[in-house]
Amino acid sequence: MNKPLILVVEDDKPIRKLITTTLETQGYKYHTAETGEASILEAVSNQPELMILDLGLPDMDGVDIIKKIRTWSNLPIIVVSARSEDRDKIEALDAGADDYLTKPFSVEELLARLRVSLRRIRYDSDKLLKDASSFVNGNLKIDYAAGCVWIGEEEIHLTPSEYKLLCLLAKNVGKVLTHNYILHEIWGSPTVDVPSLRVFMATLRKKIEKTPAQFKYIQTHIGIGYRMLQVGDDS
Ligand code: CA
């Protein structure tokens, strides 16, 4: 399989070098851009399969770049930011980023995040080819038409809210979803807040993640949100 082309958008030379060297060791192809304007040009003309985006660029805010790209592309975007505040990550995720890395990050962390996001795009294209009336991830199966959920051979009984939560995570497998996004998508109103969401998530997890040793489907991002991982993801 051909290694995907990755666009690295970073104005800080040492960090850009660290990222591109890491990509090289894994045989990934890459292009680089140092400004927002150049990154959009690159994204349009070379159609990379994934973008690694620094939020603090000299000419544009990274969040604006995400918003622009999302008007025409589903390209996975991993945000890299020195800003450690959660609200910057949340803003980037809500604008359509898939994931985030906080500087300084390790090479292993970067590669793990890359694999998760690349899987997401492969899953999306597979789904287009296959029947989209069900979702399968390891032992987990959702039959959308029947509204049923199985873990292996066992049918799992979920409440309507738990079912909607699970479907939303499944629809966005590989992508970090913020608390606000989930609340808005599922309840559409502020009547359910983050502490209540935590309770719904805890009961959902109890039902689908019964054995502690087995693969974990739902990953918690403290202060940010949740993500469903695909079996085989190793971040
Ligand atoms: Ca920067």
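All ligand and atom numbering here is 1-based and tracks the order in the structure.
Contact check for Leu53 versus Glu10: no side-chain heavy atoms found under the 4.5 Å cut-off.
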Which atom pairs, donor and acceptor, lie under 3.5 Å between side-chain atoms of residues 143-158 and protein residues at least two apart or in another chain?
from, atom 1, to, atom 2, distance (Å)
Asp143, OD1, Ala145, N, 3.1
Asp143, OD1, Ala146, N, 3.0
Glu154, OE2, Lys210, NZ, 3.1

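The list of ring pair (Phe, Tyr, Trp, His ring centres under 6.0 Å) pairs with a residue in residues 25-74, not counting sequence neighbours, is empty. Among pairs with a residue in residues 77-103, those fulfilling ring pair (Phe, Tyr, Trp, His ring centres under 6.0 Å) read Tyr100-His221, at least two apart in sequence or across chains.
A donor-acceptor pair shorter than 3.5 Å can be found between the side chains of Arg227 and Gln219. For the residue pair Thr178 and Lys89, no side-chain donor N or O sits within less than 3.5 Å of a side-chain acceptor on the partner.
Inspection of the environment of the Ca ion (ligand 1) yields the following protein N, O or S atoms under 3.0 Å: Asp11 OD1, Asp54 OD2, Gly56 O.
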